[in-house]
Asker: 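Sharing a structure with you now.
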Amino acid sequence: MAYVAIADRDHDIEHHDPTTFITKYIWSQDHKVIAIQYSITAIFVGLVALVLSGMMRLQLGFPDSFSFITPNNYYQFITMHGMIMVIFLLTALFLGGFGNYLIPLMIGARDMVFPYMNMLSYWVYLVSVIVLLTSFFVPGGPTGAGWTLYPPQAILPGTPGTDWGIVLMLGSLALFIVAFTMGGLNYVTTILQARARGMTMMRLPLSLWGIFMATVLGLLAFPALFVSAVMMMLDKALGTSFFMPAIVSMGEQLDYDGGSPILFQHLFWFFGHPEVYIVALPAFGLVSDLLSTHARKNIFGYRMMVWAILAIGGLSFVVWAHHMYVSGMNPYFGFFFATTTLIIAVPTAIKVYNWVLTLWQGNIHLTVPMLFAIAFIFTFTHGGLTGIFLGNVVVDLPLSDTYFVVAHFHMVMGVSPILVVFGSIYHWYPKITGRMLNETLGKVHFWGTLLGTYAIYLPMHYLGFLGVPRRYYAMGNTEFMPESAFVLNQSITISALIVAGFQLIFLYNLISSLRNGEKAGPNPWRATTLEWQTPDTPPKHGNWGHTLPEVHRWAYDYSVPGYPDDFIPQNVPADPSIPAYDQGSHGPDHGTSS
Amino acid sequence: MTFALVFLAVIMATVIGWLLRQSLNTQPWQADDPLENRPGRGVIAVEPAKIALLSFIAVATSLFALFLSAYLMRMKMADWSPLTEPKLLWLNTGLLVLASIAFQLTRSAATRGQLPTVKTGLIAGGVCTTLFLLGQLVAWQQLNAGGYFMTGNPANAFFYVLTALHGMHLLGGMWVWGRTTARVLAGADARSVRLSVELCTVYWHYLLLVWIVLFALLLST
Ligand code: HEM
Ligand SMILES: [Cu+2]
């Protein structure tokens with residue numbers, strides 16, 4: 001079959017411009033609208049999870065002072081907080097939000113390849129969120145099994161929410177996976193098949209490489225969560241014994257027999273570890289583009305960055321059991337998984353070096369997105385280093401299930417990706433809305449968030465070394481905890497509340513800039529990638545007016561010697577004497593008057 | 001987990017291998033690389049729907065492989081007692097093979113534009129599949145009647161779950177089949193349904209393969 005880029009089949013693609021408010025903004029098939037729907041929903045549940053974390057911190061900092069936080073509530077808050085943050089916020093926001101918005105724009109396409117399926121993906125996601133939140137209102141409340149949902153305790157009486165909560169949680173996860181699969185098939189197919197003329201894979205901005213690989217990981221790893229959810233649901237609802245061992249609960253011999261809780265752990269972490277990279281890889285990609293754009297320098301080692309993403313993607317499937325060192329395993333397995341874990345640190349470290357080298361001698365603009373991007377390098381390095389500690393069996397054994405682990409995973413997959421989310425929102429908001437976010441408020445938000453999160457998580461490492469266990473409602477009187485640890489816990493709580501307060505500034509900025517923000521123009525950051533070269537800002541339905549863009553170069557032509565501007569957009573032909581850059585909107589033969 | 005790992009390794013190796021090939025011999029920093037519009041560089045010359053189907057097959061493979069991994073791990077526990085599969089399953093297998101053959105014939109007919117054959121082929125494929133699904137339900141009833149309840153033993157539970165999962169995938173296929181058949185019966189041109197027919201054919205062959213693996217595993221354990 002002949003080589004026909006979709007771009008050349010443009011006339012085959014029908015464009016139904018939506019006409020009514022409902023088709024435009026609600027049942028919309030436009031990837032940009034879907035992206036915003038995904039983002040708003042994700043941020044909304046994220047705020048719920050933030051409030052939950054505040055309540056947990058109140059209890060930990062000031063035990064016995066808040067009667068409405070019972071031990072049961074505490075476990076329910078932990079569980080919902082963790083699950084929401086990891087899956088319903090970060091996964092949905094990076095792939096459903098940023099993926100949806102950026103993929104078609106960055107590859108020069110009019111939309112996703114299957115817009116209808118894309119729309120369904122959002123609505124199923126919304127249902128999964130509603131099902132999840134419903135569990136706050138059912139008898140017994142949400143499940144308190146911890147976000148890892150380990151059996152047998154996840155479905156045995158004694159754990160909160162074993163009547164309805166766990167059922168809704170499993171159902172919600174299954175729905176989320178269906179939604180993600182519909183979206184993911186779209187992202188993969190669109191990146192492979194709908195690239196504009198000249199947009200080879202190796203000219204894709206790194207954002208898309210990260211999103212692409214994360215989607216591949218998601219498509220292959222979420223089934224493991226699905227399998228565990230289905231089998232646990234059957235154990236719970238029908239009384240099968242996939243995971244449930246013969247067990248005496250509250251003095252009563254239950255009907256279960258012979259099941260294997262370890263089997264669940266394998267399935268869960270077979271999904272759980274790739275999940276870390278499902279969140280991290282898009283962050284890696286986006287931050288690379290932020291750094292390059294705001295340092296006015298090409299990304300250092302583009303190909304190596306791509307190869308590192310591929311290597312991380314492949315390796316992330318063979319490290320899962322480093323979450324199970326304390327579950328008891330053959331020492332050779334432990335050795336194997338420790339080794340793979342350390343190996344995966346190599347491509348990851350390469351990326352960090354390349355980010356730093358990108359900054360080296362760059363013309364660094366300390367814009368708000370850049371501040372967040374640079375902060376990410378710090379927090380990620382920090383979290384990555386503690387990961388190397390925990391990857392080693394002997395070091396992990398005493399630290400496992402302590403606050404050291406909480407500190408580790410919050411630095412590496414809580415704070416770091418969230419910083420990238422913030423940086424990216426400050427960066428792309430002008431394209432999405434046509435207006436800039438307020439810079440002063442942005443800087444205040446940045447410093448508050450960065451310093452505040454360090455005030456929260458640095459001391460947690462120390463608490464972990466002391467041996468303070470995670471998932472404890474209250475420590476009571478213990479000998480190993482010095483008085484200073486209690487004081488630290490108070491200061492962590494206060495910092496957490498302050499950090500939460502700073503997010504209100506961000507929300508205010510998001511909303512008020514919609515009306516009052518400075519008008520942005522098509523390309524305020526003078527960036528090279530295609531989304532900044534659209535004829536309209538914000539881009540209209542169909543993105544590109546009459547003619548699709550044609551790509552002539554990679555995404556990183558910043559500060560090219562001999563060229564008058566310090567950036568050359570991707571759709572500018574090789575001969576720079578042709579002045580294709582026209583107000584950042586379109587090349588010479590891409591003119592549209594609409 | 002080894003079982004699932006092997007499958008995933010194959011899938012990941014294919015994906016990564018293809019991506020890696022895109023990156024070799026490129027100098028991404030060069031503008032207007034004369035290589036860029038050469039076939040094979042970049043867009044794969046097939047319809048997007050086929051790429052989507054292949055990706056979905058990768059997802060389904062991951063799902064089935066993980067279930068089978070779980071099966072193999074759970075099997076080693078002491079309480080496992082294998083069940084005797086109903087003989088009916090052999091008949092069902094035959095029906096699914098027939099369905100696959102019917103789709104294969106439909107597919108060549110659709111490429112050649114022979115509408116009558118497309119019609120009969122689609123109907124035959126649909127009927128065989130429906131019979132297969134009904135046959136699976138009957139097999140469930142036979143098992144139930146024989147005292148092999150879902151909760152009795154993990155082997156039974158796995159049997160029900162795996163067959164249900166496979167059946168549900170077929171039902172998803174039947175939805176596309178239904179839309180295609182409706183279009184053909186409403187007088188659509190044979191070539192206009194070629195793509196849908198091709199997708200169905202690939203998907204049915206895949207599900208036949210999955211069934212054969214499942215069936216072999218169920219029989220042998
Ligand atoms: C200001 C922000 C945050 C605060 C104050 C916070 C606080 C906490 C606390 C106190 C726990 C319970 C630790 C324990 O007792 O074991 C926890 C657990 C957790 N958090 Fe956060 N968190 C925040 C943001 C995030 C983000 C952005 C993520 C996204 C990755 C996240 C992911 C998790 C996970 C996965 C757990 C484990 C839940 C479990 O044990 O089941 N957190 N967090
Ligand atoms: Cu891990």
Side-chain angles (χ1 to χ4, degrees), chain A residues 1-6 113-114 181 184-186 188-190 192-195 197-203 216 219-224 226-227 230-231 234 238-242 255 257-260 263 266-267 270 298 302-303 306-307 310 313-314 317-318 552-554 556-557 568 573-574, chain B residues 1 4-5 8-9 11-13 15-16 19-20 22-23 26-33 35-49 51-53 55-56 58-67 69-70 73-74 76-80 150-151 153-154 156-158 161 165:
Chain A
M1 214 184 285
Y3 165 70
V4 192
I6 295 249
V113 183
F114 310 109
T181 306
L185 292 176
N186 243 317
V188 166
T189 314
T190 305
L192 288 178
Q193 295 299 85
R195 277 170 287 132
R197 204 156 235 289
M199 180 62 97
T200 59
M201 286 303 277
M202 290 307 275
R203 281 183 177 165
V216 171
L219 287 174
L220 297 178
F222 270 116
F226 192 81
V227 171
V230 168
M231 300 209 296
L234 292 173
L238 300 184
T240 52
S241 306
F242 289 109
D255 260 349
D257 192 21
S260 165
L263 173 57
H266 277 297
L267 289 169
F270 198 81
N298 65 307
Y302 174 84
R303 282 184 306 177
V306 171
W307 292 331
L310 298 183
F317 277 107
V318 287
H552 298 276
R553 57 185 70 246
W554 72 342
Y556 299 100
D557 271 340
I568 319 179
Chain B
M1 297 305 278
L5 257 188
L8 278 174
I11 295 174
M12 283 306 279
V15 174
I16 293 182
L19 292 173
L20 212 56
Q22 306 302 307
S23 75
T26 53
Q27 275 146 355
W29 51 89
Q30 270 186 2
D32 281 331
D33 177 350
L35 285 179
E36 76 198 16
N37 282 329
R38 251 191 13 206
R41 222 165 247 297
V43 180
I44 313 166
V46 295
E47 284 101 339
I51 299 282
L53 179 65
S55 315
F56 180 71
V59 176
T61 306
S62 170
L63 184 69
F64 283 110
L66 284 157
F67 256 118
S69 267
M73 281 175 77
R74 185 67 181 81
K76 295 193 199 117
M77 301 290 180
D79 63 330
W80 184 275
M150 179 105 181
T151 47
N153 192 272
N156 311 351
F158 266 110
V161 170
L165 194 72

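Fair warning: this is a prediction, and the values are worked out from it, not measured in the lab. Just the heavy atoms: all of them, side chains too, but no hydrogens, waters or symmetry mates, feed the values below. Naming: A, B, ... by sequence-line order, numbering from 1 per chain.
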Asker: Name the member of A:Asn186, A:Val306, A:Leu220 that forms the most heavy-atom pairs with chain B at distances under 4.5 Å.
Answerer: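 Maximum pair count with chain B is reached by A:Leu220.
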Asker: How far apart are the closest heavy atoms of B:Ser23 and A:Trp307, and which atoms are they?
Answerer: OG-NE1, 2.8 Å
Asker: Check whether A:Phe114 gets within reach of chain B through its side chain, its backbone, both or neither, counting any heavy atom under 4.5 Å.
Answerer: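 Interface part for A:Phe114: side chain.
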Asker: Indicate yes or no: at least one non-hydrogen side-chain atom of B:Thr26 is less than 4.5 angstrom from one of A:Arg303.
Answerer: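 A side-chain contact under 4.5 Å exists here.
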Asker: Please look at A:Tyr556 and chain B and tell me whether the side chain, the backbone, both or neither of the residue comes under 4.5 angstrom of a heavy atom of that chain.
Answerer: neither
Asker: Measure the CG-CH2 distance between A:Asp557 and B:Trp29 for me, rounded to the nearest 0.5 Å.
Answerer: 12.0 Å
Asker: Looking at B:Val161, B:Leu20, B:Leu63, which one has more heavy-atom pairs under 4.5 Å with chain A than the rest?
Answerer: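 Going by pairs under 4.5 Å, I would pick B:Leu63.
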Asker: Is there a side-chain contact between A:Ser260 and B:Met77, using heavy atoms and a 4.5 Å cut-off?
Answerer: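 A side-chain contact under 4.5 Å exists here.
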Asker: Can you name the nearest heavy-atom pair linking A:Leu267 to B:Ala70, along with the distance?
Answerer: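 Closest approach of A:Leu267 to B:Ala70, heavy atoms only: CD1-CB, 4.3 Å.
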Asker: Quick check for you: to the nearest 0.5 Å, what is the distance between B:Leu165 atom CG and A:Phe226 atom CZ?
Answerer: 7.0 Å
Asker: Where do B:Ser55 and A:Leu185 come nearest, in terms of heavy atoms and distance?
Answerer: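 Taking every non-hydrogen atom into account, CB-CD2, 3.4 Å.
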Asker: Side chain of B:Arg74, backbone of A:Ser241: donor and acceptor closer than 3.5 Å?
Answerer: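 Yes: the side chain of B:Arg74 pairs with the backbone of A:Ser241.
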Asker: Which atom names give the shortest non-hydrogen contact between A:Thr240 and B:Met150, and what distance separates them?
Answerer: CG2-CG, 3.7 Å
Asker: Output the distance between atom CD (B:Gln22) and atom CG (A:Leu310), rounded to the nearest 0.5 Å.
Answerer: 10.5 Å
Asker: Distance from A:Asp257 atom CG to B:Trp80 atom CH2, nearest 0.5 Å?
Answerer: 13.5 Å
Asker: Rounded to the nearest 0.5 Å, what separation is found between the OG1 atom of B:Thr151 and the CG atom of A:Leu234?
Answerer: 11.0 Å
Asker: Taking atom OG of B:Ser62 and atom CZ of A:Phe270, what is their separation to the nearest 0.5 Å?
Answerer: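 Going from OG on B:Ser62 over to CZ on A:Phe270, the span is 7.0 Å.
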Asker: Does any backbone or side-chain atom of B:Ala157 lie under 4.5 Å from a heavy atom of chain A? Answer side chain, backbone, both or neither.
Answerer: both
Asker: Identify the two heavy atoms, one from A:Gln193 and one from B:Val46, that lie closest to each other, and give their separation to 0.1 Å.
Answerer: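 A:Gln193 and B:Val46 have their closest heavy atoms at NE2-O, 2.6 Å.
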Asker: Closest approach of A:Val113 and B:Pro48, non-hydrogen atoms and distance?
Answerer: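 Nearest pair, atom of A:Val113 first, then B:Pro48: CG1-CB, 3.4 Å.
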Asker: What residue in B:Phe56, B:Phe64, B:Phe158 has the most heavy-atom pairs under 4.5 Å with chain A?
Answerer: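 Most pairs with chain A among the choices: B:Phe158.
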Asker: Tell me, yes or no, whether the heavy-atom count around A:Asp255 atom CG, taken from other residues, nucleotides or ligands under 6.0 Å, exceeds 12.
Answerer: no
Asker: Examine whether an atom of A:Val227 lies under 4.5 Å from a heavy atom of chain B, and if so say whether it belongs to the side chain, the backbone or both; otherwise answer neither.
Answerer: both
